[in-house]
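Since the structure comes first, as structure tokens, the remarks are kept for the end.
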Number of protein chains: 2
Amino acid sequence: MNRKNPPTARPRSAAAVLSIGQVAKNAGVHVETIRFYEREGLIAQPPKPSMGIRRYPQDTVHRIRFIKHAQALGFSLQECRELLELRGDDPQACALMRHHAQEKLSAIRAKLQALSQMEGVLTELLEACQQGRIGKDNPCPILKALDAED
Amino acid sequence: MNRKNPPTARPRSAAAVLSIGQVAKNAGVHVETIRFYEREGLIAQPPKPSMGIRRYPQDTVHRIRFIKHAQALGFSLQECRELLELRGDDPQACALMRHHAQEKLSAIRAKLQALSQMEGVLTELLEACQQGRIGKDNPCPILKALDAED
DNA sequence: CTAGACCCCGTATCCGAGTACGGAATCAAG
DNA sequence: CTTGATTCCGTACTCGGATACGGGGTCTAG
């Protein structure tokens with residue numbers, strides 16, 4: 001159990017062996033996304049052996065997964081670009097990463113606040129709208145709120 | 001109390017009296033925004049009296065405020081376009097408005113869930129990153145998580 | 001009457017994260 | 001050898017909500 005792949009099975013520094021389509025499939029993205037990331041400098045474009053197709057190292061797959069994981073935590077591609085620099089065993093990297101993560105956490109909490117503000121107002125308005133039937137004299141509370149002067 | 005504006009004070013169907021700049025100032029938006037809304041069909045563009053400037057009715061200000069209020073509750077301009085149709089005293093409008101509001105509330109709650117998921121993961125990772133100093137053998141938990149296979 | 005502010009109109013640009021298109025070349029299978 | 005799938009490459013487009021630019025016309029105060 002928990003047996004790691006023997007060195008022969010998945011060498012960490014494998015040669016460039018994958019076509020772009022295989023990288024895409026392994027990383028779970030579209031080919032165009034890889035091209036896009038290359039243009040954006042997020043991943044390196046391997047040299048083209050004139051009269052042939054490019055071959056990508058396994059690490060490209062890891063880089064893309066890294067990006068996708070960071071995105072899932074709310075990081076933009078620009079931020080991913082910075083985070084990718086921190087990959088590796090640099091002891092300073094951890095502190096920087098922590099800093100980025102804390103900033104992102106603050107940003108997420110700010111968004112959460114804004115959204116739950118919206119949720120609160122909408123909920124209130126909907127409650128006001130349920131009770132006391134509308135139509136006679138008093139207008140829809142929601143529409144009234146949207147029409148409000150202030 | 002609750003006295004409605006006498007017809008003489010603020011006639012509901014006032015004549016077209018405002019320049020676009022005055023509308024902008026009163027509504028708290030930029031002139032370009034008004035032009036943009038006109039292009040998008042959110043507000044009507046008054047006819048131009050050839051050799052002169054356009055004059056906007058007061059209601060344009062109200063429409064823009066309406067849009068801004070709806071935006072503040074999370075509605076897109078496309079949705080605002082639909083909500084604007086509901087302005088007025090139509091008894092059906094309230095039911096439709098309520099429906100839109102409920103849908104939006106669900107969408108907001110979904111976003112809240114997604115964001116608080118992110119918040120949770122980031123918080124956990126940051127906690128794991130604080131305790132147990134890094135650098136010797138064990139890598140930064142956050143970077144490790146981003147590098148994870150799955 | 002002139003300077004400066006405002007208005008008109010069309011077009012282009014921005015952000016972010018891709019997606020789409022299309023022609024040419026190359027690869028893999030039958 | 002032919003057919004179909006991939007790859008390559010550049011360019012353009014998408015969505016949403018504006019914002020910016022530029023060269024005119026018009027309005028208002030002094």
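Convention: sequence-line order gives letters A, B, ...; per-chain numbering from 1. Because the structure is predicted, anything quoted here is derived from the model rather than measured.
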Euclidean distance, atom [atom1] of residue [X] to atom [atom2] of [N] [Å, nearest integer]:
| X | N | atom1 | atom2 | answer |
| --- | --- | --- | --- | --- |
| B:R39 | D:dG16 | CZ | P | 16 Å |
| A:H30 | C:dC21 | NE2 | C1' | 16 Å |
| A:R54 | D:dC9 | CZ | C1' | 9 Å |
| A:F36 | C:dA20 | CZ | C1' | 14 Å |
| A:R55 | C:dT26 | CZ | C1' | 11 Å |
| A:K48 | C:dA25 | NZ | P | 10 Å |
| B:I64 | D:dA18 | CD1 | C1' | 14 Å |
| B:E32 | C:dC9 | CD | P | 14 Å |

Is there a donor-acceptor contact under 3.5 Å from the side chain of A:K104 to the main chain of A:G74?
yes
Using atom types as modelled and distance alone, determine if a side-chain donor or acceptor of B:R87 lies under 3.5 Å from a backbone N or O of B:F66.
no
Contact under 4.0 Å: [X] side-chain N or O vs [N] OP1/OP2:
| X | N | value |
| --- | --- | --- |
| B:T33 | D:dT19 | yes |
| A:Y37 | C:dG18 | yes |
| B:S19 | C:dC7 | yes |

Hydrogens and angles aside, do B:Q113 and B:Q117 bring a side-chain donor and acceptor to less than 3.5 Å of each other?
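No, B:Q117 and B:Q113 have no side-chain donor paired with an acceptor closer than 3.5 Å.
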Which nucleotide in C:dC9, C:dC27, D:dA18 has an atom nearest any side-chain atom of B:L77
D:dA18
From the set C:dG18, C:dC9, D:dC9, return the single nucleotide nearest to any side-chain atom of A:Q45.
D:dC9
Which is true for A:E38 with a 4.0 Å heavy-atom rule: it touches a base, it touches only sugar-phosphate, or it touches nothing?
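Touches nothing.
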Using a 4.0 Å heavy-atom cut-off across all strands, classify A:R35 as base, sugar-phosphate, or nothing.
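Here A:R35 touches the bases of the nucleic acid.
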Let me know, please, whether B:G52 or B:K68 comes out on the 5' side of the other along DNA chain D by nearest nucleotide.
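Nearer the 5' end of the strand: B:K68.
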Pick the closest DNA chain C nucleotide for A:I53 and for A:Q71 by heavy atoms, then say which residue is nearer the 5' end.
A:Q71
Cluster link A:V17 to A:V23, ILVMFWY, side chain under 4.5 Å:
yes
Between A:L73 and B:L122, what is the shortest heavy-atom contact and its length?
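That closest heavy-atom pairing would be O-CD1, 4.0 Å.
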